[in-house]
Amino acid sequence: MELSKNYNPSATEEKWYKCWMDKKYFHSTPDERPSYTVVIPPPNVTGVLHMGHTLNETVQDILVRKARMSGFNACWVPGSDHASIATEAKVVQMLKEKGVDKNTLTREEFLKYAFEWKEKYGGIIYNQIAKLGCSVDWDRTTFTMDDHYYKAVIKVFVDLYNKGLVYRGARMINWDPAAKTALSDEEVEFKDVVGKLYYLKYQLTDDSTEIAEKNLHSSVNGHLPSDNYITIATQRPETIMGDTAICVNPTDERYAHLKGKYAIVPLIYRRIPIIFDEYVDPAFGTGALKVTPAHDINDYNLGLKHSLEVVDTLNEDGTLSEAAQIYVGVERFAARKKILVELKEKGYFLKEEEYPTRVGYSQRSGAVVEPRISTQWFLKMKEMSGPALSAVLDGEIKIHPGERFLATYKYWLENVKDWCISRQLWWGQQIPAWYDEKGNLFVAETEEEAERLAARGEPRATSPEFALEGSPLAANSPKLTRDADVLDTWFSSWLWPMEVFNGISNPGNKELDYYYPTSVLVTGQDIIFFWVARMIMAGTHYKNAKPFSDVYFTGMVRDKQGRKMSKSLGNSPDLLDLIDKYGADAVRFGIMISSPAGNDLLFDEASLEQGRNFNNKLWNALKLVKMWEGRQMTEEIKELIDDTFELADETKQLFGEIDHLPSEEHLDHSNYAINWFANRLQQAKAEVEILYSQFRLSEALKVIYSLIWDDFCSWYLEWVKPGFEQPIEDEVYNKTTHFFGELMQLLHPFMPFITEEIYHLLGEKQDDLCVKQFAAIKEANNDVLTGGELLKQVISALRDARNKSGLKPKETIKLFIQSANTRVYKRIESILLKQVNAESISYVNETVPNATVVAIEQDKFYIESDKKADTAAIKAELLKDLDHQKGFLQSVTKKLSNERFVANAKAEVVDLEKKKQADAEARIRTIEESLANLV
RNA sequence: GGGAGCAUAGCUCAGUUGGUUUAGAGCAUCUGCCUUACAAGCAGAGGGUCCGCGGUUCGAACCCGUGUGCUCCCA
């Protein structure tokens with residue numbers, strides 16, 4: 001068969017993925033083998049895979065494929081997340097482009113559009129996952145809004161409500177004015193910005209009558225009438241209409257005289273009290289704080305303490321509300337500008353200064369988050385966090401890499417606040433709570449059940465924090481209205497490792513028992529609180545068992561310049577384009593080769609190119625080996641040739657004219673090479689195994705890469721390669737294809753497609769690499785390995801010497817070896833001849849004059865050629881080496897002459913130093929002899 | 001402001017309880033090669049004050065302290 005010049009990934013990839021699917025290799029059902037379960041972190045259903053996902057999925061596939069080839073029943077569950085805010089925003093945008101306003105639709109109509117959208121775009125990520133070669137069990141694909149999943153989420157909500165862990169209440173929450181929904185604390189991202197601090201004057205009065213307020217309003221046309229004022233500093237002048245007090249520190253003497261007085265809010269002229277509280281930092285601004293309980297969490301708490309009125313001056317879309325009295329309907333930041341102009345005109349404005357501050361942005365919409373008082377649903381976290389904390393602290397769940405995230409995790413869980421789980425959206429699991437006309441609340445899995453509760457008058461308001469005022473129930477069955485809100489997406493994804501096996505909807509089922517707890521969770525460190533911690537909570541709460549044994553955190557994928565990948569920067573490449581360009585294996589290689597666990601990955605297409613080149617290297621090695629196929633010299637053929645000396649026609653067809661048989665020598669040195677590589681392979685396999693167990697996958701890949709490229713291709717294949725158009729011994733050929741197959745197996749988890757292809761091209765195969773089980777690792781023989789390393793070292797040194805002597809590759813040399821142990825070199829003579837292009841090798845007991853000399857350990861090699869040696873250069877080299885050796889000897893000798901070292905250090909260490917000393921001395925002698933020999 | 005981490009070759013990173021030939025790899029660079037698998041290649045080479053300073057130790061890239069710079073998390 002003719003092999004193409006270069007490897008062509010696309011056809012191969014499609015062929016093998018289909019084959020694996022047809023043979024149901026990825027499908028798992030419980031059996032007697034141990035399970036190895038991985039649940040995919042479900043990407044957003046209408047999203048595309050970015051490079052971060054690509055890294056995560058690749059890592060998971062490597063682990064899953066490795067497990068599948070190591071005796072485990074591997075099960076990798078794919079799926080996607082409904083991503084309520086993100087998806088709803090996309091659908092709203094799509095409708096807007098069509099000229100449809102969401103507000104004109106009913107909930108049902110909107111959801112119909114949303115599901116259409118999901119059907120249309122939901123397949124994209126699945127296609128990408130398949131293209132990447134991920135060995136997921138497609139029969140288990142789960143979506144967080146699947147029927148059973150939806151029911152599970154509802155069930156959990158009702159259960160937690162009945163346990164008193166879920167409650168409804170008015171709280172200061174994070175409001176996203178763009179998406180018009182509440183957010184959890186975790187969904188707010190803070191950025192440092194340079195803001196402005198505005199200094200404003202508030203008129204003071206001690207008159208507590210309403211008349212004073214009115215007089216002020218009318219008498220001076222709203223201008224600041226006197227010098228009797230207090231100055232406050234604020235970043236948000238547009239919220240002054242919501243001010244309900246001015247607060248100063250009770251120890252602040254500057255303001256001690258203001259006790260019992262009032263201030264007048266500029267522009268709207270509301271009278272507000274001056275209050276005193278330790279909370280205020282006298283050193284900040286003017287030491288006087290305007291208190292706006294509706295729009296700042298600290299002010300809110302201050303308001304609670306001092307029983308202040310709450311005036312909410314903002315609408316849900318971020319425009320000023322009726323309560324603001326002025327600029328009603330104007331967007332908050334536009335209003336800020338207008339108000340500043342008016343404050344200046346009317347003399348209330350003193351000055352402004354720049355001020356470094358932090359602004360919270362919505363993770364989903366990017367809008368500036370507004371603290372807002374709102375009635376929402378919450379989950380008590382204190383009760384949930386205990387077991388989740390101990391599971392990690394006790395080492396039941398291991399986090400990789402190392403302890404790096406432990407402190408953060410601990411801090412978060414110990415300080416976690418209640419989780420706001422309601423969202424003012426339609427896309428998601430609708431909260432199963434119903435209200436009667438009087439506002440009584442009934443929480444149940446179905447409307448029928450809620451109706452029954454209502455009929456019996458059981459509001460089930462078990463939480464003491466329940467904030468809705470109830471009223472006595474009518475005895476007749478009331479008309480119920482369902483809560484319009486949906487649950488936070490993470491309130492569904494925290495059940496993921498259980499509910500993909502129907503663990504909530506059908507608890508205690510056989511599959512759940514078999515697959516849960518899962519083996520390893522691979523995810524980005526950015527969702528440690530959103531998701532990882534909460535899955536541990538849900539798992540410990542509902543299964544009384546951890547959801548996974550290990551967590552592998554991948555780093556963030558950044559571009560070459562270290563910037564985060566983002567759409568706006570345009571630095572996030574398209575996965576399918578990359579696969580088209582380089583092939584899936586090369587993409588996997590490129591992304592893995594430089595991504596140690598937990599470290600950020602600087603993505604550079606150059607590493608994908610390296611992957612593609614590696615593909616090509618493998619392909620060419622295959623071409624070489626295939627050239628030997630059909631040229632094997634079996635014993636029978638050998639005998640045939642020996643006996644008759646005349647080739648049969650069919651033999652002739654196979655080999656053409658053969659002028660000589662493979663020599664005994666060739667077989668002998670090939671056996672040397674085979675023996676060496678067999679041991680080298682075992683050694684590398686053992687290393688890789690350890691690296692897998694430590695989740696150091698990029699290290700493992702490096703070991704395999706260098707094993708294949710350097711040891712197999714550059715050394716082994718060159719050592720066993722027969723001469724041009726010469727036959728190869730059957731045994732050598734078989735060993736070589738066997739090694740090649742083993743290498744492909746070792747590499748398979750990382751680069752599944754090309755390895756499977758080559759494995760099958762190496763010869764007729766009954767099995768597929770995808771499910772081929774790894775053989776047990778044998779212990780490598782150290783003497784054999786050392787011998788191989790010595791040979792490599794000698795060859796490299798001789799080639800270097802050739803280079804330095806200006807010898808062209810084609811120019812031959814005569815090699816003389818001076819060694820106490822010539823037997824070693826005699827065995828590998830023919831390899832040496834070929835590798836350094838020598839025409840002869842002789843053994844000598846004395847120095848060879850006028851030859852270039854190379855010293856390895858205690859042996860010396862003389863290179864003689866027609867070309868005149870550049871003695872000056874050789875001398876310089878030797879002197880440099882001598883210098884180095886002497887320096888080294890000096891440091892060793894110094895160490896050994898230190899009595900305290902000899903007395904304190906371990907015996908092995910001292911012995912080693914002595915050996916180093918002896919070696920260095922021997923080498924120095926060799927170099928000096930060589931120098932003396934150079935004239 | 002609180003916490004965590006990082007700093008080793010031009011770049012990205014290894015370096016195991018402190019001792020393993022006066023620091024290793026890949027990429028990039030340079031030199032020589034179109035050698036009968038592979039120029040997407042082959043054979044070589046050069047390149048480091050292990051961030052600065054101080055300490056512990058017979059011995060420090062590694063442990064401790066301190067300074068500087070960067071990253072992340074939390075408020």
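Chain naming here is simple, since letters A, B, ... match the order of the sequence lines and numbering starts at 1 in each. Being a predicted model, the structure only gives us computed values, none of them experimental.
Below 30°, between 30° and 60°, or above 60°: for A:F614 and A:W709 the angle between ring planes is below 30°, a parallel geometry. Aromatic ring pairs are classed by plane angle as parallel below 30°, tilted from 30° to 60° and perpendicular above 60°; the pair A:F739 and A:Y716 is perpendicular.
Closest contact between the side chain of A:R799 and the listed nucleotides B:A39, B:A37, B:G44 involves B:G44. Comparing B:G19, B:U21, B:U35 by their nearest atom to the side chain of A:F901 picks out B:G19. Comparing B:U35, B:A37, B:C72 against the side chain of A:M627 picks out B:A37 as the nearest. Of the candidate nucleotides B:U22, B:A40, B:C73, B:U22 has the atom lying nearest to any side-chain atom of A:S891.
Both A:Y705 and A:L717 sit near RNA chain B, but only A:Y705 has its closest nucleotide nearer the 5' end.
Backbone-only contact: A:N898 has heavy atoms under 4.0 Å from sugar-phosphate atoms and none from a base.
Remark: A:N615 is not in phosphate contact with B:A40, judged by side-chain N or O atoms under 4.0 Å from OP1 or OP2. Between A:W412 and B:C72 there is no side-chain N or O to OP1 or OP2 distance below 4.0 Å.
Shown here, B:A43 forms a base pair with B:U31; the pair counts as Watson-Crick or G-U wobble because both key distances fall under 3.5 Å. The nucleotide B:G52 finds its pairing partner in B:U66, both defining distances of the Watson-Crick or G-U wobble pair being shorter than 3.5 Å. When both pairing distances are held under 3.5 Å, B:C72 makes a Watson-Crick or G-U pair with B:G3.
With hydrogens and angles left out, the side-chain atoms of A:N249 and A:D281 include no donor and acceptor closer than 3.5 Å.
At whole-Å resolution of the value, CD in A:E186 and P in B:C72 are 19 Å apart.
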